[in-house]
Amino acid sequence: MHSRKENGMPQCNKLSPEQSFEEVLEKVQPMITSIFLKLHIYKDYDYYRHLASIAVWEAWCKVDPLKGKFSAYIYTTVKGELMKELTKEVTFEELHAPMDDETINYVRGFEIKPKSPMLLETLLAELKEEERAILLLYYVEGYTYEEIAQVLHLSVSAIKKRRTRIMTKLRELRSSIVK
């Protein structure tokens, strides 16, 4: 039922748009599994399997036999839809990066006491202007890493690394001052 072409794309034998959707969906399951492997889908398996089924349905409804092989059309439709979803997921994760435990614990441990404003001023005075800007934009203004990167004309990874280094620097400064 399932063979491989030279280019590595799975081919489904005896697949035609005249078949019922259920038959087509059953025959393309190995193809869908192959796409999952190529796209390294290893979590939310049922969710992506559902998306693939919807893509098969869309391909089955829109197929034009004059434009090429039905199996190739299904393959490109399914792979394209899954890639779009994976891109959305990555974009969402980048925009909504959860605060790590280390940062949360640091913020919780830095309670505002009557003497704290002076300590905070002392700590911030030790930072470079760009370091203060990163902290202000991230923690006070609520900017995402991407927005900070645009404002400061740096890469997102540079902003993430610098924020981590700044937090380490603040911890070290705080422990040396508080002693």
Side-chain angles (χ1 to χ4, degrees), residues 1-107 134-135 137-139 141-168:
M1 181 182 334
H2 188 71
S3 63
R4 288 208 179 267
K5 239 182 162 184
E6 285 180 21
N7 66 3
M9 186 178 92
Q11 280 302 141
C12 298
N13 298 328
K14 301 177 185 171
L15 193 59
S16 75
E18 290 80 32
Q19 293 172 310
S20 71
F21 169 71
E22 291 77 15
E23 281 181 272
V24 170
L25 184 61
E26 183 179 329
K27 287 184 177 183
V28 298
Q29 290 307 310
M31 177 191 290
I32 292 171
T33 301
S34 170
I35 294 169
F36 279 20
L37 293 172
K38 286 181 181 175
L39 296 179
H40 305 287
I41 295 175
Y42 59 90
K43 62 180 182 175
D44 300 327
Y45 188 79
D46 290 335
Y47 174 70
Y48 287 104
R49 180 69 65 178
H50 181 72
L51 287 177
S53 298
I54 292 170
V56 171
W57 170 259
E58 289 171 355
W60 184 75
C61 290
K62 295 179 184 177
V63 69
D64 183 356
L66 301 175
K67 291 188 178 180
K69 288 192 171 188
F70 184 43
S71 58
Y73 182 61
I74 289 176
Y75 183 87
T76 55
T77 302
V78 170
K79 188 173 182 183
E81 289 300 316
L82 292 175
M83 288 174 66
K84 268 198 290 190
E85 188 62 28
L86 290 168
T87 301
K88 283 184 202 173
E89 184 178 306
V90 167
T91 303
F92 179 83
E93 288 174 359
E94 286 176 354
L95 292 175
H96 299 89
M99 193 179 292
D100 58 346
D101 290 341
E102 180 182 349
T103 305
I104 291 172
N105 291 335
Y106 177 76
V107 171
I134 291 172
L135 292 181
L137 292 171
Y138 188 80
Y139 290 107
E141 299 295 330
Y143 280 37
T144 64
Y145 288 122
E146 288 78 12
E147 293 168 330
I148 297 169
Q150 286 177 348
V151 170
L152 298 178
H153 306 291
L154 297 167
S155 69
V156 173
S157 63
I159 296 297
K160 289 178 179 180
K161 288 175 187 173
R162 288 180 188 192
R163 187 199 62 83
T164 301
R165 283 196 297 259
I166 294 166
M167 296 305 289
T168 303

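The chain is numbered in sequence order, starting from 1. Just so it is clear, the structure is predicted and the values come from calculations on it, not from any experiment.
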Shortest non-hydrogen contact between [X] and [Y], atoms and distance:
{"X": "Ile148", "Y": "Ile134", "result": "CD1-O, 4.2 Å"}
{"X": "Val63", "Y": "Pro17", "result": "CG1-CB, 3.3 Å"}
{"X": "Val24", "Y": "Ser16", "result": "CG2-O, 3.9 Å"}
{"X": "Phe36", "Y": "Ala52", "result": "CE1-CB, 4.4 Å"}

If you define the side chain from C-beta out and look only at heavy atoms, does anything of [X] sit under 4.5 Å from [Y]?
{"X": "Leu82", "Y": "Leu51", "result": "yes"}
{"X": "His50", "Y": "Ile54", "result": "yes"}
{"X": "Glu23", "Y": "Glu26", "result": "no"}
{"X": "Met31", "Y": "Val78", "result": "no"}
{"X": "Trp57", "Y": "Cys61", "result": "yes"}
{"X": "Lys79", "Y": "Tyr75", "result": "yes"}

As an exercise, state the distance from [atom1] of [X] to [atom2] of [Y], rounded to the nearest 0.5 Å.
{"X": "Leu37", "Y": "Ile32", "atom1": "CG", "atom2": "CD1", "result": "12.5 Å"}
{"X": "Tyr143", "Y": "Leu152", "atom1": "OH", "atom2": "CG", "result": "10.0 Å"}
{"X": "Trp60", "Y": "Leu25", "atom1": "CH2", "atom2": "CG", "result": "11.0 Å"}
{"X": "Glu58", "Y": "Glu81", "atom1": "CD", "atom2": "CD", "result": "5.5 Å"}
{"X": "Leu135", "Y": "Arg162", "atom1": "CG", "atom2": "CZ", "result": "12.5 Å"}
{"X": "Tyr138", "Y": "Thr144", "atom1": "OH", "atom2": "OG1", "result": "9.0 Å"}

Contacts of Lys161 that satisfy salt bridge (Lys or Arg N to Asp or Glu O under 4.0 Å) - sequence neighbours left out: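 Lys161 satisfies salt bridge (Lys or Arg N to Asp or Glu O under 4.0 Å) with no other residue.
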Can you list the steps and then say if Val56 with Phe21 is a side chain to side chain contact (heavy atoms under 4.5 Å, CB included)? CA-CA 8 Å; Val56 171; Phe21 169 71; 3.7 Å; yes
Would Glu89 and Lys43 pass as an ion pair if we require N to O under 4.0 Å?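 Between Lys43 and Glu89 there is a salt bridge, with a charged N closer than 4.0 Å to a carboxylate O.
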Any donor-acceptor pair under 3.5 Å linking the side chain of Ser34 with the backbone of Pro30?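 Not at all, since once roles are kept as given, no pair shorter than 3.5 Å links the two residues.
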Polar side-chain atom of Gln150 near backbone of Glu147 as donor-acceptor pair, under 3.5 Å: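 Not confirmed, Gln150 side chain does not pair with Glu147 backbone.
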ring-ring contact (aromatic ring centres under 6.0 Å, His included) partners of Tyr42, counting only residues at least two apart: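 With neighbours one apart ignored, the set is empty.
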Sequence-distant partners of Phe70, ring-ring contact (aromatic ring centres under 6.0 Å, His included), two or more places apart: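 Phe70 satisfies ring-ring contact (aromatic ring centres under 6.0 Å, His included) with no residue once adjacent residues are dropped.
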Within 45 degrees of the axis of the six-membered ring of Tyr145 and under 6.0 Å from its centre: does Arg163 put its NZ or CZ there?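 Judged by the rule, Arg163 and Tyr145 form no cation-pi pair.
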